Amino acid sequence: MPELPEVESVRRLLTEGRPSLIGTTVDRVEVLRDNVIGGHLLAEQFCQDVQDSVFHEIIRHGKYLFFRLHSARATNNLWMTVHLRMTGRLFLVSDRASKTMYTRLVVHLQQGLALRFDDPRAFGRVWLVEDPAEVIAGLGPDALTVDEDTFLRRLDHHRRQLKPLLLDQSFVAGIGNIYADESLFRAGIHPLKTVADLTVSQRKVLYRAVHDVMHEAVACKGANIDGVFEAGCFPVAVYGRAGLPCRTCGTALVKLRVAQRGTHLCPQCQPIEKVKSLVGGQV
DNA sequence: CACTCTACCTGTGCGC
DNA sequence: TGCGCACAGGTAGAGT
């Protein structure tokens with residue numbers, strides 16, 4: 001489940017890795033499953049629009065990647081936009097590398113390389129926009145770079161439960177189920193609490209937790225979840241650890257369902273007492 | 001506005 | 001051993 005830190009790792013690898021995608025030229029695009037192309041674009045049109053373009057840069061906002069393409073034929077930039085959703089992966093490989101049964105899209109490059117998009121669950125999408133602002137307009141500030149004032153100001157506009165709020169990409173972009181749980185644990189705040197339940201100092205603690213978790217996870221190149229991800233080394237404290245002892249206090253971690261999402265927490269470190277907004281029996 | 005539900009997918013892991 | 005089924009999750013869109 002790539003969230004902001006995993007997506008940022010992909011961006012850095014494709015940009016700064018050796019070889020790099022930057023400066024390569026699209027030879028031809030191969031769509032192996034039509035619904036990988038999002039928006040209202042037909043696969044055929046997508047291939048045509050991208051052909052002969054040069055990759056100039058990759059930017060990220062939340063969990064979205066935007067590849068700036070420049071075509072010799074057109075004066076304007078075109079941005080290839082990618083959302084990996086649950087199981088999508090991007091690789092820069094030799095053009096001779098063999099595909100898998102999960103390969104959905106191959107961008108063949110003139111340099112003997114290929115940008116490949118593999119996705120077992122086939123939830124991920126690739127599409128074209130003229131300006132990333134079209135997409136970013138619907139998103140909140142990026143969770144990695146949002147400053148404290150902005151975060152606190154945006155919190156003031158809501159009275160919702162914190163777990164669904166953190167998952168809401170229009171509030172802050174980039175936090176998914178794993179890092180929502182990790183951030184709330186780090187802050188020592190129960191996920192069922194609402195914004196209205198928090199004091200000003202608790203709101204600052206929450207901001208600091210989100211900030212620190214995001215930066216640490218990016219430095220680790222993503223999470224390390226019982227072998228689910230091969231890359232990252234960020235040690236999850238609560239996600240997927242229900243029944244195991246809390247690393248801080250030893251109490252058995254608990255899994256709840258909050259807003260239809262599996263939600264992991266330490267009942268000792270994230271106390272629920274004095275929360276008036278809760279309906280009885282939920283914990 | 002806040003929330004809930006459903007659809008989209010398929011590998012995994014459970015119970016029987 | 002094998003079958004069926006619930007489950008996992010991010011987002012869009014419809015409904016309450």
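Every chain is numbered from 1, with letters handed out A, B, ... down the list of sequences. Predicted model only: the values in this text are computed from it and were never measured.
Checking B/dC9, C/dT11, B/dA2 against the side-chain heavy atoms of A/Y64 singles out C/dT11 as nearest. The side chain of A/Q169 has C/dT11 as its nearest neighbour among B/dC3, C/dT11, B/dC9. Between B/dA2, C/dA8, B/dT4, one nucleotide has an atom nearer to the side chain of A/H158 than all others, and that is B/dA2.
One atom, CG of A/L167, and another, P of B/dC3, lie 12 Å apart when rounded to the nearest Å. Between A/R159 atom CZ and B/dC3 atom P the separation is 10 Å, expressed in whole Å. Rounded to an integer number of Å, the gap from A/D168 CG to C/dG13 C1' is 15 Å. Taking atom CE on A/M86 and atom P on B/dC8, their separation rounds to 17 Å, with Å as the unit. Straight-line distance from the CG atom of A/D156 to the C1' atom of B/dC1: 16 Å, rounded to whole Å.
Within the nucleic acid shown, A/N35 comes within 4.0 Å of sugar-phosphate atoms alone, with no base atom in reach, counting heavy atoms only. Across all strands shown, A/R104 has no heavy atoms under 4.0 Å from either base or sugar-phosphate atoms. At a threshold of 4.0 angstrom between heavy atoms, the contacts of A/R85 include nucleobase atoms, whether or not backbone atoms are also involved. At a threshold of 4.0 angstrom between heavy atoms, the contacts of A/K163 with the nucleic acid are absent.
The closest side-chain donor-acceptor pair between A/D181 and A/H264 falls under 3.5 angstrom. A donor-acceptor pair shorter than 3.5 Å cannot be found between the side chains of A/D142 and A/H61.
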Evaluation steps, side-chain contact (heavy atoms from CB on, under 4.5 Å), between A/E6 and A/L84: CA-CA 10 Å; A/E6 290 78 18; A/L84 301 171; over 6 Å; no
